[in-house]
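Naming: A, B, ... by sequence-line order, numbering from 1 per chain.
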Protein chains: 2
Amino acid sequence: MPSKANNKNNSSQTERGLRELRSLIIAGHWPAGSKLREVPLAQSLNVSRTPLRSALLKLEQEGLVERAGAGYTVRSFSIEDAYVAIELRGVIEGTAARMAAEKPTQQQDLTSIKEVLVKIDAVIHNDAIDGYAELNDVFHQQLAELAGNDLLKNEIERASLLPFAAPSAFSSSKDDRSRFKTSLIVGQQHHHGLVQAIERGEGARADALAREHAQLGKANIEVAYQEHVGNIRRVPQLALITAELNT
Amino acid sequence: MPSKANNKNNSSQTERGLRELRSLIIAGHWPAGSKLREVPLAQSLNVSRTPLRSALLKLEQEGLVERAGAGYTVRSFSIEDAYVAIELRGVIEGTAARMAAEKPTQQQDLTSIKEVLVKIDAVIHNDAIDGYAELNDVFHQQLAELAGNDLLKNEIERASLLPFAAPSAFSSSKDDRSRFKTSLIVGQQHHHGLVQAIERGEGARADALAREHAQLGKANIEVAYQEHVGNIRRVPQLALITAELNT
DNA sequence: TAACAATATTATGTATACAATTTGGCGTTA
DNA sequence: TAACGCCAAATTGTATACATAATATTGTTA
């Protein structure tokens with residue numbers, strides 16, 4: 001029987017538990033700092049303790065939970081943490097963009113990322129902004145690959161893991177449609193500039209554009225935060241941000 | 001009985017297995033790409049499969065092993081990977097230094113890092129360069145804390161995990177003592193400049209100095225690589241670097 | 001002889017019983 | 001009454017048996 005996907009990555013207990021636990025945490029199902037008890041957690045997720053512990057180790061690596069003596073607690077994030085995470089993603093993406101620009105690049109290396117650019121142009125032109133988030137993620141993924149180094153690509157993926165740090169975080173806000181469309185247009189301008197800079201070997205420009213591009217994410221989070229202050233649990237990506245600073 | 005350290009972090013099976021397995025891998029005990037079988041590995045490390053699997057998950061996070069279908073293989077690194085890892089550390093440390101400079105800094109925040117500076121000055125003046133590596137690590141740790149954000153501090157630590165990426169990698173080379181001492185003197189100049197830049201709020205300078213400081217690591221690795229080409233297994237930090245590019 | 005498929009073997013994935021440690025509470029004592 | 005230490009309960013750490021999936025091998029067929 002031709003089962004396309006290998007079992008390990010999709011339907012294993014570890015993977016199921018990881019996915020469900022991750023989305024529960026991101027959704028703010030537990031207040032920051034909550035202790036996660038293995039036995040009741042395993043029961044409610046319908047897995048045994050062994051795959052649950054694997055999932056917890058993975059989530060520790062992703063930064064969503066942290067050890068506290070024995071066992072794990074849900075990690076708490078301050079709004080400053082969110083800014084720092086976005087800043088870091090921008091800095092690392094900038095490094096990748098610079099390295100991509102500084103190495104000899106063939107025309108064919110840029111064909112697929114240019115196709116994504118065209119698609120995003122169309123999405124914005126048609127006001128079909130629902131499809132934007134996915135295409136934006138693809139663009140950033142392609143960008144990460146242009147430097148031609150797996151280690152760097154992995155670090156970019158890692159820097160995009162936290163829910164408020166991802167390139168497409170907050171890209172579906174419906175509160176202020178005109179501000180949001182402006183953000184899309186400016187962001188796409190950054191995208192075009194990035195590809196052009198890489199094509200021309202302009203490393204410093206590519207770096208600067210990637211960093212400035214990440215600033216859009218900060219602006220988005222800031223708006224979302226100001227609009228929902230005192231009620232941030234309503235915003236999916238802000239659910240696990242506590243108003244106070246964490247120690 | 002006053003056991004100072006908590007058991008979990010030092011004498012647990014997981015921790016023991018992790019430490020031993022890590023040092024075996026770093027020492028190049030297995031050729032890159034080797035499959036790590038759980039049962040024989042567990043036997044040779046005198047732990048059961050459960051803590052071994054925890055250790056493997058941790059090592060995957062550290063980047064030393066990677067999944068390959070079922071189970072893990074020893075990750076292979078190219079010399080370019082080493083350069084990228086150092087570059088990344090420099091970039092992230094640079095971001096931390098910049099943020100430290102850009103935030104209001106009290107005099108007292110800098111007292112402990114300045115003490116480290118004085119100690120390193122003494123070590124270099126006395127030619128007691130054996131103590132340099134440890135003090136250098138402390139300096140970089142203090143630097144990571146000056147930005148005042150745990151998330152950033154964690155990322156710096158992470159970027160310093162790979163054996164060739166650590167701040168003090170190659171800092172005990174005995175092949176070319178005079179070149180090495182030059183490297184120390186220049187590096188310490190960077191250290192002084194970094195603290196001064198942070199003190200004066202010169203963010204761009206702090207960033208640039210941290211990046212340039214990391215370049216010393218690249219230079220060291222390059223020398224070690226050139227000297228031992230075809231025989232890199234002799235150099236501890238280069239043991240798991242394959243001459244060829246990895247796919 | 002080469003390629004495919006069935007099967008046997010070996011590996012990892014999972015569940016659970018047990019051990020060791022942590023944690024909270026209670027009682028005693030200064 | 002507060003603090004210390006001890007004890008008990010609960011929780012995580014570890015080992016191992018079993019289930020399931022991956023891999024190698026062997027036989028058959030074109």
Side-chain angles (χ1 to χ4, degrees), chain A residues 1-22 24-25 29-62 64-75, chain B residues 1-22 24-25 29-62 64-75:
Chain A
M1 60 186 83
S3 72
K4 180 183 65 180
N6 63 356
N7 224 322
K8 173 63 186 60
N9 289 329
N10 288 313
S11 65
S12 72
Q13 304 293 76
T14 299
E15 205 60 27
R16 247 187 355 97
L18 177 60
R19 273 202 313 272
E20 294 185 19
L21 184 53
R22 186 196 286 124
L24 279 173
I25 293 175
H29 186 262
W30 293 279
S34 301
K35 196 121 209 198
L36 297 173
R37 307 284 173 190
E38 292 183 0
V39 176
L41 238 190
Q43 284 174 348
S44 75
L45 294 173
N46 270 308
V47 297
S48 79
R49 281 179 62 210
T50 307
L52 172 62
R53 287 171 68 94
S54 297
L56 283 169
L57 280 164
K58 207 79 182 277
L59 290 174
E60 184 188 13
Q61 143 184 17
E62 295 184 11
L64 288 177
V65 303
E66 60 186 351
R67 298 208 68 96
Y72 293 93
T73 58
V74 175
R75 184 153 169 192
Chain B
M1 61 188 84
S3 72
K4 178 184 67 181
N6 63 355
N7 224 320
K8 173 61 185 63
N9 290 327
N10 288 313
S11 64
S12 73
Q13 302 294 77
T14 299
E15 204 61 26
R16 250 194 344 104
L18 177 59
R19 274 202 313 270
E20 293 185 20
L21 183 51
R22 186 196 286 123
L24 279 172
I25 292 176
H29 186 260
W30 293 279
S34 301
K35 196 118 207 208
L36 297 173
R37 308 282 173 190
E38 292 184 359
V39 176
L41 239 191
Q43 284 174 349
S44 76
L45 295 174
N46 271 309
V47 298
S48 79
R49 280 180 61 213
T50 307
L52 172 62
R53 288 171 68 95
S54 296
L56 283 169
L57 280 164
K58 208 78 181 277
L59 289 174
E60 185 189 13
Q61 144 185 15
E62 294 184 11
L64 288 176
V65 304
E66 60 186 348
R67 298 207 69 95
Y72 293 91
T73 58
V74 175
R75 183 152 168 193

[X] [atom1] to [N] [atom2], straight-line distance once rounded to whole Å:
| X | N | atom1 | atom2 | result |
| --- | --- | --- | --- | --- |
| A:R53 | D:dA15 | CZ | P | 12 Å |
| A:L18 | C:dT14 | CG | C1' | 16 Å |
| B:E38 | D:dT14 | CD | P | 15 Å |
| B:L57 | C:dT12 | CG | P | 13 Å |
| B:R37 | C:dA11 | CZ | C1' | 7 Å |
| B:Q43 | C:dT12 | CD | P | 12 Å |
| A:R49 | C:dA19 | CZ | P | 15 Å |
| A:E15 | C:dT12 | CD | C1' | 15 Å |

task = Could you tell me whether B:L36 contacts a base, only the sugar-phosphate backbone, or nothing, with contacts defined as non-hydrogen atoms closer than 4.0 Å?
result =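 Result for B:L36 = sugar-phosphate.
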inquiry  = For D:dT16, does the base pair up with any side-chain atom of B:T50 as donor and acceptor (N or O, under 3.5 Å, distance only)?
reply    =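 Under the 3.5 Å cut-off, the side chain and the base do form a donor-acceptor pair.
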Stepwise side-chain contact (heavy atoms from CB on, under 4.5 Å) test for B:L21 and B:L56 = CA-CA 9 Å; B:L21 183 51; B:L56 283 169; 3.8 Å; yes
Within the structure, does a side-chain N or O atom of [X] lie under 4.0 Å from either OP1 or OP2 of [N]?
| X | N | value |
| --- | --- | --- |
| B:T14 | D:dT14 | yes |
| B:S48 | D:dA15 | yes |
| B:R67 | D:dA22 | no |

inquiry  = Does A:E60 form a salt bridge (Lys or Arg N to Asp or Glu O under 4.0 Å) with A:R67? I'd like the steps, not just the answer.
reply    = CA-CA 8 Å; A:E60 184 188 13; A:R67 298 208 68 96; 5.0 Å; no
query = Taking atom CZ of A:R75 and atom CD of A:E66, what is their separation to the nearest 0.5 Å?
reply =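 Atom-to-atom, A:R75:CZ and A:E66:CD are 5.5 Å apart.
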query = Are the side chain of A:R53 and the backbone of A:E38 linked by a donor-acceptor contact shorter than 3.5 Å?
reply = no
Whichever of A:A68 and B:Y72 has its nearest DNA chain C nucleotide further upstream toward 5' = B:Y72
key: Any side-chain heavy-atom pair of B:L57 and B:Y72 under 4.5 Å   = yes
